[in-house]
Structure formats: structure tokens, C-alpha cells
Amino acid sequence: RRDGDYIYVYVSSSLSKAWTTRYSTTVGASYSMIDYQEDSAKTDNRDYVGMNFTNRYKWTERLAVSLGWTGSYCNREYGNNEFSNFVMAGAEYAVSENTSATLRVGPQFKYVENYGTKTYPSAEFGLNHRLSDRFMLGTFVRYSNEAVNTYIPYNGASYYSNETWRFGVHSTLKLTHRVSLNCGVNLIASDYTRPSSISNSDTSNLTFNATAGIKLLLTNALALTAQYSYTNGSYSGYNYPMPSYNRNVFSFGVNYSF
């Protein structure tokens, strides 16, 4: 969003059990929330509760297949709450010793409060390639019907559909055994349709983001991180002016692995 600061929290946990050398099951749960500080942006305050369950089978030395379910409930401060169920069939394939690909496809059953349930396609694709022991390059594509920025503050209406494409490229370069660099770019294209008010037209949002960072290992478990992120957002199709925006974020953190 274009206005002000926000607080973001994300917590997740998962448990995996290998029943045999080829077959395993994973269950997980997650919670996230975003809270904007400016009144003009609070209309997109929301939190998510998610659960997932996946069965994975290693078909060959290079191919693994999976079948899973993910449930995501979105509780909005303004607008309509949403609940999505994803049933996804997946495949992980080692293209070569240094290249791997992942594909997951399936239906999304999306329930929107006061609107009902609609079925949409959903898909995720990822490709990772290790050029050397020090340099890794990856890309991803994701398509789903999301629950972001669906409330229209000026008239209290909502968009019941938010079809979103996410594209990204990211890389990691290990300079030494203690210092590594990372960078990435991603693009988010969202189309908002099915407005609750006939006076509203369909809209589209386009968001571009670029990041660059550094990670310094102090010990085998403790690391310091620093990152810069640039974001540009633009809008079209609204019945009222929606200016584009730019955001620059500098962040510093500590990572502990165990």
C-alpha cells in the first residue's frame, strides 16, 4: 500500500514424518497479520490463519510427486472475510545435478462473506539453478485469487475477485565462507473484478519490487543481515484518483539457526 508505516508479523511451524524411505507426510500451521498506522491505509488491515497437509512420494531418484491441501482464512478489519481451500497436485524434478524444478497445480475454492464460493485455478512453478558452489539463481511464478486490498474505502464496497500473478528472480552469491550477497526482483500484477457495487469498475494494480542484501556469519549459528528494498506501485481503472507510489526500505536483522 502507498500510505504510511505498518506492523507485519508472520509465524509458521511444520512437522514432517517419513513413513518409509519414499513416502512422507507434512502438516503445518501459520499465522500472519498486517496493521497499518495511517487511517487512510487501515482499510486493508487483515490477518491470516492457515493450515496445510501434504503427502509426498519419491517416485524415482529424480522425481517426487505430492498431493496436498491448504486452507487460508483471511479476517479483515474492513470489508468481507475470505476463506480459501487449495487442493494441489505437485511434482519436484531434478533436471540435472545443479538444476531442480517444482510445479504445483489445482483448484482454489474461495468463499467470500456475503458473496458465496467460487472456484478458480491456481498454480505455482519454481526453478533453481546452481551455477557454481558460490552462485545460485532461481525464478518463480505464482497464480491465485488473493485476499489483498479488496475493500474500497471511499464507498464501503468490495471486490470479490483478486486474480494475481507473481513473478520473481532471485540470486545468492557466496563471497567467502562467512559473507554472502543476495538480490532479487519481483512483479505483482492484480486484476480486481466482481465489485459489490455496480457503480465501481474493474481495476488493476501493478507492483514492482527490487531488493539487495548482505549476510555476515558471526558463528555457525548466528548471522547479521542488512537489506535494501525498493517498491513502485501503480493503479488503473479506479473511479477516483489513485496515484502511484515509491517506497525505500532499509532493514537490519539478526538470524539464529539451530
Side-chain angles (χ1 to χ4, degrees), residues 1 4-18 24-37 46-52 54 56 64 66 68 70 72 90 92-102 104 124-142 148 166-188 207-233 246-258:
R1 288 292 296 268
D5 300 322
Y6 58 87
I7 297 172
Y8 176 69
V9 175
Y10 177 76
V11 181
S12 68
S13 183
S14 62
L15 178 66
S16 295
K17 169 66 176 178
S24 63
T25 299
T26 300
V27 294
S30 64
Y31 170 78
S32 64
M33 61 84 70
I34 188 163
D35 185 271
Y36 290 94
Q37 306 303 293
R46 61 195 187 277
D47 55 13
Y48 298 90
V49 178
M51 294 190 68
N52 61 82
T54 302
R56 181 180 183 270
S66 63
T70 299
S72 177
E92 305 163 36
Y93 185 67
V95 182
S96 67
E97 183 179 354
N98 296 321
T99 306
S100 62
T102 302
R104 298 173 70 232
E124 300 173 1
F125 174 75
L127 182 68
N128 289 314
H129 179 65
R130 187 171 295 278
L131 284 80
S132 69
D133 292 339
R134 294 177 177 268
F135 186 52
M136 186 277 294
L137 184 66
T139 185
F140 69 89
V141 180
R142 180 177 186 264
V148 179
R166 293 177 178 263
F167 310 88
V169 178
H170 55 91
S171 64
T172 302
L173 174 63
K174 191 174 182 179
L175 297 179
T176 70
H177 72 287
R178 291 193 178 275
V179 180
S180 61
L181 305 177
N182 65 83
C183 65
V185 295
N186 61 80
L187 188 69
I188 307 170
T207 305
F208 170 79
N209 180 253
T211 62
I214 185 171
K215 182 178 181 179
L216 172 62
L217 282 175
L218 300 180
T219 69
N220 290 335
L222 185 65
L224 299 179
T225 62
Q227 183 164 288
Y228 165 72
S229 176
Y230 167 77
T231 302
N232 171 264
N246 297 285
R247 172 178 282 136
N248 296 276
V249 177
F250 298 88
S251 59
F252 305 91
V254 178
N255 286 351
Y256 182 75
S257 303
F258 59 92

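Keep in mind the model is a prediction, meaning the values are calculated, not measured.
- In summary, of the residues considered (Thr211, Asn246, Asn248), a side chain to side chain donor-acceptor pair (under 3.5 Å) with Tyr230 occurs for Asn246 alone.
- Closest of all the heavy-atom pairs between Ala223 and Leu217 is CB-CD2, 3.7 Å.
- Ile214 is listed as a side-chain neighbour of Val179, based on a closest heavy-atom distance under 4.5 Å.
- A side-chain donor-acceptor contact under 3.5 Å links Thr231 and Asn209.
- Salt-bridge check for Glu92 with Arg56: passed, with a basic side-chain N closer than 4.0 Å to an acidic carboxylate O.
- For the pair Arg46/Val148, a side-chain contact is recorded, criterion being any heavy-atom separation below 4.5 Å from C-beta on.
- Nearest heavy-atom pair, Met136 versus Asn128, reported as atom, atom and distance to 0.1 Å: SD-OD1, 4.1 Å.
- Here the closest heavy-atom approach between residue Arg178 and residue Leu218 is recorded as NH1-O, 3.2 Å.
- The two atoms that bring Ser30 and Ser12 nearest to each other are CB-CB, 3.8 Å, heavy atoms only.
- A distance-only check finds no donor-acceptor pair linking the side chain of Arg134 to the backbone of Leu173 [under 3.5 Å].
- Contact annotation: the side chain of Gln37 approaches that of Ile7 to within less than 4.5 Å [non-hydrogen atoms, C-beta and beyond].
- In this structure, the side chain of Thr139 engages the main chain of Gly168 through a donor-acceptor pair within 3.5 Å.
- One side chain, Thr26 or Ser16, offers a donor N or O that lies under 3.5 Å from an acceptor on the other.
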Applying side-chain hydrogen bond (donor to acceptor under 3.5 Å, both in side chains), run through Tyr6 and Asp35 and close with a yes or a no.
CA-CA 5 Å; Tyr6 58 87; Asp35 185 271; over 6 Å; no
